[in-house]
Amino acid sequence: MNAKVNKCCQMAIKVFFISFLFIWNLQAENLVKSVNVLPWSDGITHNMYCIIQVPTTLQVSSHSNSRLMWVLPEGAIVEKGELIAEQENFYLENNVRRLKIEISSAISEEEYNYKELHRAQTLKEKSLISDSDLNNKDRLAKQAELAREMLQIQLEETEYRLQHLSHYAPERSEILKAESKLGEYINEGDNIVQLLPTSNKEYKCELPLKVYKESLELKNVSFTASNNSILHLTRRSYSLNRDSQTLFLYLAPENPQRLILDGERLQVSISIGASSLTMIPFDALEVTDKDTHVWKINNDNSIIKIKVKIIKTQKDYFVIQSDLSAGDTLISLGKQGLENGQKVTVSKGRVAL
């Protein structure tokens, strides 16, 4: 029994002595153990909470002062080009007829004054009329011409208003709100209905500041909706919500697969590309009060300290974000007292116990 105890004690002393010598040699001769950086191809995924919205609503307004004769109710779905509302045309049609009569009269007046001008010019050549009378005839002819042009402009404007007494949907939409009542006399510029387009919907998502920084300001990212449709970024906010420390992303589906409703809440995944992500063994990482870093061994055996950011933990490994690439060599043992530019010797042997 005593012989077995003595043998065990001798073995423990031997292991301790060999380990001590190995560590002492590492420090004395700058001997280090190394590991390789491994690839990480899965990227990093986070969830965002989003709400479906339409970028802008459409407003249908009156072009004239007239009575509302017909309008669709709230909640109705209209296709592009479908009639939404119609206003009374009696007064505008009468205005058009009146203006056409006035224009005919103005044309006659214009022709008469130009004939008088030409007659006065002939008399002037024979010195039978004064310069003052000639100038007056010229003034009257030009005034008649301008009066006819003014009436023509009024006619074009009135015909335009007449054509826009019937209001049609510019695209497939829902009648979101009726703002004028049937039979109501509405003024120019008054709102009649508000439309909500059924297409062109977008996702308004809240992105935490931490994830925004992790994505290197949205570089090499992709977005996937909860229904597996692919989304693309159309715009984003450039200011933070002070309370939640989030910013807004606005996403649009590339190929909408189902009807999404305005106001619907969904989750969207943001995937950060793996180009800046790698895996390193636990023992390659060194954590201090100032930073988290590793020591990279260059081809000439010089070393450089590389700062890293831990993204997630795997079994025996850290997934990190850094300037490292898969295949780079790191120091795993012998990191004490190292400095940038220092050269080390990589030990390829194993300690025999």
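Values below: all heavy atoms of this structure, side chains included; hydrogens, waters and symmetry mates excluded. The first residue of the sequence shown is numbered 1, and numbering continues consecutively from there.
Of the possible polar contacts, none joining the Ser173 side chain to the Ala169 backbone as a donor-acceptor pair under 3.5 Å is found. Put simply, the side chain of Gln152 never gets that close to the backbone of Glu149: no donor and acceptor are under 3.5 Å apart. Between the side chain of Asn135 and the backbone N or O of Ser132 there is no donor-acceptor pair closer than 3.5 Å. For the pair Gln267 (side chain) and Ser226 (backbone), a donor-acceptor distance under 3.5 Å is absent. Formation of a donor-acceptor pair under 3.5 Å by the Ser64 side chain with backbone atoms of Glu188 is not found in this model. The backbone N or O of Ile84 sits nowhere less than 3.5 Å from a side-chain atom of His167 that would complete a donor-acceptor pair. When atom types are taken as modelled, the side chain of Asp300 and the backbone of Ser302 share a donor-acceptor pair closer than 3.5 angstrom. Under a 3.5 Å cut-off, the side chain of Asn187 and the backbone N or O of Asp190 do not form any donor-acceptor pair. Without hydrogens or angle criteria, Asn301 side chain to Val346 main chain gives no donor-acceptor distance under 3.5 Å.
Under 3.5 Å, the side chains of Asp133 and Ser130 contain a donor-acceptor pair of N or O atoms. Side-chain contact, Asn47 with Ser269: a donor N or O sits under 3.5 Å from an acceptor N or O. Defined by atom type and a distance below 3.5 Å, a donor-acceptor pair is present between the side-chain atoms of Asn113 and Glu109. Residues Ser237 and Ser239 bring no donor and acceptor atom of their side chains to less than 3.5 Å of each other.
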| request: Step by step, work out the side chain to side chain contact (heavy atoms under 4.5 Å, CB included) result for His232 and Phe223. | output: CA-CA 7 Å; His232 65 271; Phe223 305 95; over 6 Å; no
| said: Glu157 vs Arg161, test: salt bridge (Lys or Arg N to Asp or Glu O under 4.0 Å). Steps then yes/no. | reply: CA-CA 6 Å; Glu157 181 180 311; Arg161 294 178 187 275; 3.1 Å; yes
| Ile320/Leu277 under side chain to side chain contact (heavy atoms under 4.5 Å, CB included): CA gap, chis, key distance, verdict | CA-CA 6 Å; Ile320 62 167; Leu277 303 178; over 6 Å; no
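Separating the CG atom in Asp283 from the CD1 atom in Ile331 is a distance of 11.5 Å, to the nearest 0.5 Å. Atom CG in Asp316 sits 11.0 Å away from atom OG1 in Thr313 (nearest 0.5 Å). In this structure, NZ on Lys204 lies 11.5 Å from CG on Leu249, to the nearest 0.5 angstrom. Atom CG in Leu38 sits 5.0 Å away from atom CE in Met279 (nearest 0.5 Å). Note that CZ of Arg172 and OG of Ser199 are 8.5 Å apart. Values are rounded to the nearest 0.5 Å. To the nearest 0.5 Å, atoms CG (Leu134) and OG1 (Thr122) are separated by 10.0 Å.
For the residue pair Ser166 and Leu83, the shortest heavy atom distance occurs at CB-CD1, 3.9 Å. What you find for Pro197 and Glu171 is that their closest heavy atoms are CB-OE1, 3.4 Å. Closest approach of Glu339 to Trp295, counting heavy atoms only: C-CZ3, 3.8 Å. Between Ile297 and Ser34, the shortest heavy-atom contact is CD1-CB, 4.1 Å. Of all the heavy atoms in Ile77 and Glu174, the pair that sits closest is CD1-CB, 3.6 Å. Contact between Thr288 and His293 at its shortest, heavy atoms only, is CG2-CE1, 3.7 Å.
Seen from the ring of Tyr250, Arg235 counts as a face-on cation partner, given the 6.0 Å and 45° thresholds.
Follow the hydrophobic side-chain contacts under 4.5 Å out from Ile270 and you reach Ile52 in the same cluster. Criterion: ILVMFWY side-chain heavy atoms under 4.5 Å apart, direct or through other members. Under it, Leu58 and Val71 are part of a common hydrophobic cluster. When hydrophobic clusters are built by joining Ile, Leu, Val, Met, Phe, Trp and Tyr residues whose side-chain heavy atoms come closer than 4.5 Å, directly or via intermediates, Val96 is grouped together with Leu151. By the criterion of side-chain heavy atoms lying less than 4.5 angstrom apart, applied directly or through intervening Ile, Leu, Val, Met, Phe, Trp or Tyr residues, Leu207 is grouped together with Leu233 in one hydrophobic cluster. Under a hydrophobic clustering in which Ile, Leu, Val, Met, Phe, Trp and Tyr are joined whenever their side-chain heavy atoms come within less than 4.5 Å, directly or via other members, Tyr160 and Leu165 fall into different clusters.
Counting heavy atoms from C-beta on, the side chains of Leu92 and Asn94 never come closer than 4.5 Å. Put simply, the side chain of Gln314 reaches to within 4.5 Å of the side chain of Val319, judged on heavy atoms. Looking at heavy atoms from C-beta onward, Trp40 lies in side-chain contact with Lys312 at the 4.5 angstrom threshold. A heavy-atom distance below 4.5 Å is not found between the side chains of Val32 and Thr345. Looking only at side-chain heavy atoms (C-beta outward), Tyr168 and Glu82 stay at 4.5 Å or farther from each other. A heavy-atom distance below 4.5 Å is not found between the side chains of Leu247 and Pro208. Put simply, the side chain of Leu330 does not reach to within 4.5 Å of the side chain of Asn36, judged on heavy atoms. Between Val211 and Met48, every side-chain heavy-atom pair lies at or beyond the 4.5 Å cut-off.
Between Glu111 and Lys115 no salt bridge is recorded (no basic side-chain N to carboxylate O distance below 4.0 Å). Lys335 has no carboxylate O lying under 4.0 Å from a charged side-chain N of Glu286, or vice versa, which leaves the two without a salt bridge. Contact check on Glu145 versus Lys142 returns no salt bridge, with no Lys/Arg side-chain nitrogen under 4.0 Å from an Asp/Glu carboxylate oxygen. Ion pairing of Lys124 with Asp131 is present here, as a side-chain N (NZ or NE/NH1/NH2) and a carboxylate O approach within less than 4.0 Å.
Pairs of residues two or more places apart, or lying in two chains, that qualify as side chain to side chain donor-acceptor pair (under 3.5 Å) and include a residue from residues 50-63 are Gln53-Glu202, Thr57-Gln194, Gln59-Glu179, Ser61-Asn191, Ser62-Gln87. Applying the ring pair (Phe, Tyr, Trp, His ring centres under 6.0 Å) test to residues at least two apart or on different chains, none of the pairs has a partner in residues 77-126.
Between Phe318 and Phe282, the ring center distance clears the sub-6.0 Å criterion.
Counting non-hydrogen atoms of other residues, nucleotides and ligands closer than 6.0 Å to OH of Tyr185 gives a total above 12.
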